[in-house]
Amino acid sequence: MGAMRADRLLSLLLLLQNRGRMTAPELAAELEVSVRTVYRDVEALGASGVPVLADRGPAGGYRLADGYRTRLTGFTDAQAGSLFLAGAPGPAGELGLGADLAAAQLKLEAALPAALAARAKRIQDRFHLDAPAWFRDADPVPHLARIAQAVWDQRILHAHYRRWGGEVHRELEPLGLVLKGGIWYLAGRTEDSVRTYRVSRFLAVDTGAGTFERPEGFELGAYWRASTDRLDAVLHQQTAELRLSARGRRLLPMLFGAAGRRALADAGAADRDGWTRLWLPVESEAVAVGDLLRLGTEAEVLGPPALRAAVAATAEALAARYR
């Protein structure tokens, strides 16, 4: 019996053990095979001594004989490694670990005592992680699985990458992958430093026989926190002084995220008209004008003077266009 079919038979057995009665179409959907294949696999389980019972009728399906349980719950390396993505089946699939994660979850359910298994099922029914942000399709990442394998195997990555200024070739030491707001990033070391690359911008990747040693003391979480802090400092080049209406205050965290929430927390009391003065970190003037205009008539830019003038000029140009 091939290794692939043996894994599938074990998955079928664990599905019946963990979920009870299941129809052939339900099993086929879970295992991503045809109904005919399910029929053959059920026959193979029966021939090997597993007591699979077939119930007829509208409420019928396959189930294990009462009291039968298997303890074949050993994890493969890939299945064990996939468990850290147990709450994120979408990203697991993008990394090429979808099937391993499903098999690992089945084995884990089978190994748990009944009370803990029931609790785990309740948690799964009540909590779900959906990583991508609203109203934005996830980036296409056709090379993610190969990049992830290079990270795991510590293999040098030969990459063709699209930057803002054009396309470049890079020889990278892939140190780790980060999923941020539904977007995958790679921390990769070149000769001079560790940099961050957006995975969707890799046009082609290849791995040779060369391997590398990870930098001593490198910790992916610490690198990412430091990198995001640096990016925040670079992006927020100035602070805008604003007046906001009550509706504008509700819009601010929706449009500006954590920066908007911090600005609201430090804001003073509302004036007699219900407007509040606060200070908001913003990007360069050209970007800030567009961002602030999203607040519409619910905000007034008080300063800096150059930013106020730029917003006013843009508003006048819009008024002239629609007049």
Side-chain angles (χ1 to χ4, degrees), residues 32 76-102 104 129-235 257 283-284 287:
E32 298 182 351
T76 67
D77 288 346
Q79 290 164 2
S82 72
L83 282 175
F84 81 101
L85 286 167
E94 291 177 331
L95 287 170
L97 293 172
D100 290 311
L101 176 60
L129 173 64
D130 185 9
W134 284 105
F135 312 121
R136 184 180 67 203
D137 292 335
D139 281 353
V141 283
H143 306 296
L144 177 61
R146 176 170 287 186
I147 293 172
Q149 191 64 49
V151 170
W152 184 254
D153 294 337
Q154 295 181 208
R155 291 199 173 275
I156 293 174
L157 197 66
H158 303 278
H160 187 195
Y161 187 76
R162 184 180 70 253
R163 299 189 308 181
W164 293 113
E167 299 176 7
V168 295
H169 291 276
R170 284 281 186 269
E171 186 175 284
L172 301 172
E173 296 175 358
L175 300 176
L177 286 162
V178 175
L179 179 64
K180 170 72 170 178
I183 299 174
W184 285 101
Y185 296 92
L186 172 70
R189 183 172 66 170
T190 57
E191 292 182 357
D192 53 346
S193 62
V194 179
R195 299 181 182 181
T196 302
Y197 301 84
R198 189 161 172 165
V199 172
S200 62
R201 293 182 185 155
F202 283 99
L203 304 177
V205 296
D206 192 20
T207 54
T211 61
F212 64 92
E213 294 295 325
R214 293 178 65 82
E216 185 175 351
F218 178 82
E219 201 275 313
L220 183 61
Y223 165 79
W224 184 255
R225 288 189 294 272
S227 177
T228 53
D229 288 345
R230 288 194 301 271
L231 179 62
D232 184 70
V234 169
L235 290 180
E283 298 186 36
S284 63
V287 176

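Note that the structure is a prediction, hence the values are computed from the model and not measured.
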Inter-residue atom distance [X].[atom1] - [Y].[atom2], 0.5 Å rounding:
{"X": "Leu144", "Y": "Phe202", "atom1": "CG", "atom2": "CZ", "answer": "10.5 Å"}
{"X": "Arg225", "Y": "Leu220", "atom1": "CZ", "atom2": "CG", "answer": "9.5 Å"}
{"X": "Trp224", "Y": "Leu177", "atom1": "CH2", "atom2": "CG", "answer": "10.5 Å"}
{"X": "Ile156", "Y": "Thr211", "atom1": "CD1", "atom2": "OG1", "answer": "7.0 Å"}

Q: Just grab all the salt bridge (Lys or Arg N to Asp or Glu O under 4.0 Å) pairs involving residues 166-176, residues at least two apart or on different chains.
A: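 For residues 166-176, and leaving out neighbouring residues, the salt bridge (Lys or Arg N to Asp or Glu O under 4.0 Å) pairs sorted by first residue read Glu173-Arg189.
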Q | Heavy-atom check, side chain of Leu203 versus side chain of His143, under 4.5 Å | A |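 Answer no - side chains too far apart.
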Q) Should Leu172 and Leu186 count as side-chain neighbours, where that means a heavy-atom distance under 4.5 Å? A)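 In contact.
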Q: Give a yes or no on whether the backbone of Arg198 and the side-chain of Tyr161 come within a donor-acceptor separation of less than 3.5 Å.
A: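 Yes.
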Q: Would you confirm whether Arg214, through its side chain, and Leu175, through its main-chain N or O, come within 3.5 Å as a donor-acceptor pair?
A: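 Between the backbone of Leu175 and the side chain of Arg214 there is a qualifying donor-acceptor contact (under 3.5 Å).
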Q. Got a sec, which residues hit ring pair (Phe, Tyr, Trp, His ring centres under 6.0 Å) with Phe218, two or more places apart in sequence or on another chain?
A.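 Partners of Phe218 under the ring pair (Phe, Tyr, Trp, His ring centres under 6.0 Å) test: Tyr223.
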Q: Check ring pair (Phe, Tyr, Trp, His ring centres under 6.0 Å) between His160 and all other residues, then give those that pass, not counting sequence neighbours.
A: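 Testing His160 for ring pair (Phe, Tyr, Trp, His ring centres under 6.0 Å), a comparison that skips the adjacent residues, returns His169.
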Q: Mark yes when over 12 heavy atoms from residues, nucleotides or ligands other than Glu32 sit less than 6.0 Å from its CD; otherwise mark no.
A: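 Result for CD/Glu32: open.
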